[in-house]
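Basis for what follows: all heavy atoms, side chains included, without hydrogens, waters or symmetry-related copies.
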Amino acid sequence: MSDKFDVIVIGAGPGGYVAAIKAAQLGLKTACVESWTSKDGKSQVLGGTCLNVGCIPSKALLEVTHKFEEASHDYESMGILTKGVDIDVAKMMERKSGIVQQLTGGIAGLFKANGVTSIHGHGKLLAGRKVEVTDKDGKTKTYEADNVILATGSKPIEIPPAPFDGEYIVDSEGALEFTEVPKRLGVIGAGVIGLELGSVWARLGSEVTILEAQDSFLPAVDQQVAKDTLKQFKKQGLNIITGARMTGAEVKRKLVNVSYEDSKGKQEAKFDKLIVAVGRRPYTDGALAEDSGVTMDERGFIFVDDHCKTEAPGVWAVGDIVRGPMLAHKASEEGVMVAERIAGHKPQVNYDCIPNVIYTFPEVAWVGKTEEQLKAEGEEYNVGSFPFAANGRAMAANAAAGMVKIIADAKTDRILGFHVVGPQASEIVAQGVIAMEFGSSAEDLALTCFAHPTLSESVHEAALAVAGGAIHVANRRKKK
């Protein structure tokens with residue numbers, strides 16, 4: 001095997017492996033370096049955080065626990081009578097692991113099919129686009145490339161008041177490996193990860209308390225949607241406390257004693273397990289030599305331009321280690337863009353059309369701007385919304401909570417924001433992404449024929465409501 005490549009990618013997560021495959025498809029001699037090792041330490045594992053300990057395993061648990069929740073509490077109202085519904089946690093975890101193994105193995109197959117050279121070891125960028133790889137035995141080998149793509153991802157943030165111990169105080173990865181349902185579960189952080197993991201174990205019977213330091217719930221989400229979401233979560237039994245600043249955590253007699261401060265003063269709580277989900281930080285540990293030419297900010301994010309080029313010639317960076325949301329699909333799109341730019345094409349990523357999703361039930365999804373952002377910017381806009389409570393398909397599915405909300409420019413009618421809380425919001429939001437990508441107006445959606453009965457009819461009605469023309473719900477009275 002030659003030690004010289006057109007492209008070397010460091011990291012085989014959603015940004016890295018996609019970039020490597022696309023580069024190879026474009027005729028570039030490509031290698032991908034990944035250090036992740038199987039539990040027995042014998043083989044390389046591809047897919048990064050998302051496939052191994054993030055997006056995929058968490059969704060596997062969310063799907064199982066949602067079905068369990070329905071069977072335990074909702075089936076009777078639909079005429080389905082069940083007795084003694086129970087959960088086999090070990091079987092659930094086995095299924096999760098099987099899905100992960102199938103998908104990560106699939107990447108290895110894709111590498112082979114596309115001619116990507118997979119290199120097992122820890123990659124480090126040296127000066128002059130050289131990459132030093134240290135294998136599991138500590139041996140090093142240096143490779144050269146015309147272009148290097150950094151895609152090393154991120155890792156959970158650890159906070160001083162609650163250091164991880166891997167058993168009682170865990171990060172998001174540890175929360176996916178519980179062998180039994182904790183009676184009382186504490187979660188620090190009411191963001192995407194905290195809400196999803198809290199939902200998983202609440203559905204299985206845990207008493208879940210989520211402590212959020214910020215005073216508002218889901219501040220990045222349109223606040224009308226956020227308030228509706230919070231109402232649904234509280235109905236499910238999630239105890240979400242905002243403005244709660246954690247001050248300490250100590251394990252005593254197999255219990256985690258947590259202290260925090262809120263608007264009422266100093267508080268204490270005891271949990272069987274504590275999940276710390278306060279965010280993630282870029283993972284660049286040992287990935288850059290001092291003379292690599294790549295620069296970072298004080299938080300560890302690598303400086304890049306709009307096309308993910310770093311300050312070092314021929315070196316690119318994508319995904320969680322650069323600006324923007326830490327989302328797998330954003331990383332993948334950047335990986336494709338960079339590979340195509342290396343091949344001489346001129347694509348761009350439209351960062352205004354990156355969807356966000358919280359995979360709870362109901363799901364929460366959005367793309368574009370919120371009302372709060374537009375008000376702060378002084379923009380004039382119109383709003384149309386439609387509740388799933390008036391949607392026949394949602395009612396038939398026993399999932400009528402939530403709404404679709406569309407925000408459009410008051411002058412041009414171009415869609416500025418698309419927000420959903422409700423069933424299959426993660427799928428419905430794609431309609432908003434496509435519409436915004438093509439510069440659609442709310443009227444364009446209003447003039448589109450949607451199948452009946454479908455959840456997507458709520459998109460149609462919300463678009464009609466922007467101009468006060470919704471059919472199946474009373475419209476807002478126009479201001480005179």
Side-chain angles (χ1 to χ4, degrees), residues 58-59 61-74 77 172 175-176 178 181-246 258 260 262-263 267 269 271 273-279 356-366 370 372 385 387-389 394 397-405 419-426 428-429 455 458:
S58 64
K59 302 313 164 284
L61 297 186
L62 282 161
E63 286 294 335
V64 170
T65 57
H66 176 56
K67 292 180 187 299
F68 176 73
E69 173 82 6
E70 283 191 309
S72 301
H73 303 292
D74 299 334
S77 67
S172 56
L176 297 171
F178 290 162
V181 180
K183 182 178 179 182
R184 291 171 295 182
L185 175 65
V187 181
I188 308 302
V192 176
I193 297 172
L195 291 170
E196 289 183 0
L197 294 174
S199 293
V200 165
W201 295 106
R203 293 167 185 170
L204 300 183
S206 290
E207 297 174 11
V208 177
T209 298
I210 303 178
L211 303 177
E212 170 55 53
Q214 298 196 67
D215 293 324
S216 58
F217 178 69
L218 294 176
V221 176
D222 184 275
Q223 285 302 290
Q224 181 185 5
V225 170
K227 288 175 183 176
D228 195 342
T229 303
L230 181 60
K231 181 173 67 177
Q232 299 303 324
F233 288 162
K234 287 186 174 180
K235 284 182 180 179
Q236 295 169 16
L238 291 176
N239 180 24
I240 301 172
I241 305 173
T242 55
R245 291 159 181 81
M246 187 180 183
V258 172
Y260 64 96
D262 62 11
S263 59
Q267 307 289 340
F271 304 108
K273 299 282 187 181
L274 180 68
I275 302 171
V276 179
V278 296
N356 292 262
V357 183
I358 306 174
Y359 293 89
T360 48
F361 188 84
E363 291 183 340
V364 187
W366 68 97
T370 66
E372 290 71 32
S385 63
F388 283 109
N398 200 32
M403 73 178 90
V404 175
K405 177 177 181 177
H419 309 268
V420 189
V421 52
Q424 297 186 35
S426 58
I428 293 171
V429 74
L455 298 173
S458 294

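Here Phe178 contributes atom CZ and Ile275 contributes atom CD1; the two are 4.5 Å apart, rounded to the nearest 0.5 Å. The distance from atom NE2 of His66 to atom NZ of Lys59, rounded to the nearest 0.5 Å, is 14.5 Å. Here the NZ-OG1 distance, from Lys234 to Thr229, works out to 12.5 Å after rounding to the nearest 0.5 Å. Between Gln223 atom CD and Phe217 atom CZ the span is 9.5 Å, to the nearest 0.5 Å. Atom-to-atom distance recorded for Gln424:CD and Phe361:CZ is 9.5 Å, nearest 0.5 angstrom. Distance CE/Met246 to CD1/Ile188: 4.5 Å, rounded to 0.5 Å.
Side-chain contact between Ser216 and Glu372 is absent, with no heavy-atom pair separated by less than 4.5 Å. Phe388 has its side chain within reach of Pro423: a pair of non-hydrogen atoms, C-beta onward, lies under 4.5 Å apart. Counting heavy atoms from C-beta outward, Met403 and Asp228 have side chains that approach closer than 4.5 Å. For the pair Phe271 and Pro182, the minimum side-chain heavy-atom distance is 4.5 Å or more. Taking the side chain as every heavy atom from C-beta outward, Val258 and Leu274 approach each other to under 4.5 Å. In this structure, the side chains of Leu62 and Arg203 come closer than 4.5 Å at one or more pairs of heavy atoms. You'll find the side chain of Asn398 reaches within 4.5 Å of the side chain of Ser77, heavy atoms only.
Closest of all the heavy-atom pairs between Gly194 and Ile210 is O-CD1, 4.1 Å. Across all non-hydrogen atoms, the minimal contact from Ser426 to Val357 is CB-CG1, 3.6 Å. Ala277 approaches Ile193 most closely through the heavy-atom pair CB-CG2, 3.9 Å. A pairwise comparison of heavy atoms in Ala220 and Thr370 identifies O-CG2, 3.8 Å as the closest pair. Residues Val420 and Val404 share a closest heavy-atom pair of CG1-CG2, 4.1 Å. What you find for Gly198 and Val208 is that their closest heavy atoms are O-CG2, 3.7 Å.
A donor-acceptor pair under 3.5 Å is absent between the side-chain atoms of Glu212 and the main chain of Thr242, judged by distance alone. Using modelled atom types, no side-chain atom of Trp366 and backbone atom of Val421 make a donor-acceptor pair closer than 3.5 Å. In terms of modelled atom types and a separation under 3.5 Å, the side chain of Gln236 and the main chain of Ser199 share no donor-acceptor contact.
Checking Thr360 against Glu196 by side-chain atom types alone, no donor-acceptor pair falls below 3.5 Å.
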| message | Using side chain to side chain contact (heavy atoms under 4.5 Å, CB included), reason through Ser172 and Leu197 one step at a time and then give a plain yes or no. | response | CA-CA 8 Å; Ser172 56; Leu197 294 174; 3.9 Å; yes
| Could you go step by step and tell me if Lys67 and Asp74 meet the salt bridge (Lys or Arg N to Asp or Glu O under 4.0 Å) rule? | CA-CA 10 Å; Lys67 292 180 187 299; Asp74 299 334; over 6 Å; no
| query | Could you go step by step and tell me if Ile241 and Tyr260 meet the side chain to side chain contact (heavy atoms under 4.5 Å, CB included) rule? | reply | CA-CA 11 Å; Ile241 305 173; Tyr260 64 96; 3.7 Å; yes
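Ile240 pairs in a side chain to side chain contact (heavy atoms under 4.5 Å, CB included) with only one of the listed residues (Val187, Thr209, Leu195, Leu218), which is Leu195.
Crowding of Glu63 atom CD: a count of heavy atoms from other residues, nucleotides or ligands under 6.0 Å not exceeding 12.
We find that Asp222 and Lys405 are joined by a salt bridge, their nearest charged nitrogen and carboxylate oxygen being less than 4.0 Å apart.
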